[in-house]
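Data block below; observations after.
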Amino acid sequence: MWEWLATESALWALFASAFVSSTLFPGGSEAVLLGIVASRNTWEGAWPALLAATAGNTLGSLTGWAIGRFFPEKSSLRGHPKAEKILALARRRGVWLLLFSWLPVVGDLLPVASGWLRHPFWLCALLIALGKFLRYLLLTALWLGTFG
């Protein structure tokens, strides 16, 4: 099994896992990433995995942004306290809140709220990608520093 983690197919599986993980569906992109990193056990081997995870997770969040952008009528949130709280937080903190879109549960809703508030796409994409990359980079550094 470890041999498979060193293949290109594993990177595509990581991309898919990261994409699904950035939606409201549960996923295990961190476990897949660390499996690949452990099988390659060097920074040189880890970079393709870091990029695949970041790309998949970012594109998944941007899908959420697009859903928010094209979601109809803003008044349809009335009666949904969690959604109202996320939207209020996004209004208060602005687009910079997307640096935390990697957080579990609430992070999945931040891009949707940002799209709904019509925050600029390219700035959102940059901030989402940066936050997600830094999270995966930290996990990789911890793994390689501890076990590498």
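These numbers come from the heavy atoms of this one structure, side chains and all, not from hydrogens, waters or symmetry mates.
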Do the side chain of [X] and the main chain of [Y] share a donor and acceptor less than 3.5 angstrom apart?
X: T63; Y: L59; result: yes
X: W96; Y: R93; result: no
X: R69; Y: R118; result: no
X: N57; Y: F19; result: no
X: T23; Y: V20; result: yes
X: S17; Y: A13; result: no

Going from [atom1] on [X] to [atom2] on [Y], what distance comes out if it is rounded to the nearest 0.5 angstrom?
X: L110; Y: L89; atom1: CG; atom2: CG; answer: 6.5 Å
X: S29; Y: L34; atom1: OG; atom2: CG; answer: 9.5 Å
X: L144; Y: N41; atom1: CG; atom2: CG; answer: 6.5 Å
X: L11; Y: I36; atom1: CG; atom2: CD1; answer: 5.0 Å

Looking only at non-hydrogen atoms, find the nearest pair between [X] and [Y] and report the distance.
X: S22; Y: S61; answer: OG-N, 3.3 Å
X: P48; Y: G45; answer: CD-O, 3.4 Å
X: L137; Y: W47; answer: CD1-CH2, 4.2 Å

Listed partners of R135 passing salt bridge (charged side-chain N to carboxylate O under 4.0 Å, His left out), at least two apart: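 For R135, the residues satisfying salt bridge (charged side-chain N to carboxylate O under 4.0 Å, His left out) (neighbours in sequence not counted) are E30.
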Greater than 12 external heavy atoms within 6.0 Å of F133's CZ: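 Yes - once you tally the heavy atoms of other residues, nucleotides and ligands closer than 6.0 Å, there are more than 12.
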Parallel, tilted or perpendicular: ring planes of F15 versus W12, cut at 30 and 60 degrees: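 The rings of F15 and W12 stand perpendicular, inter-plane angle above 60°.
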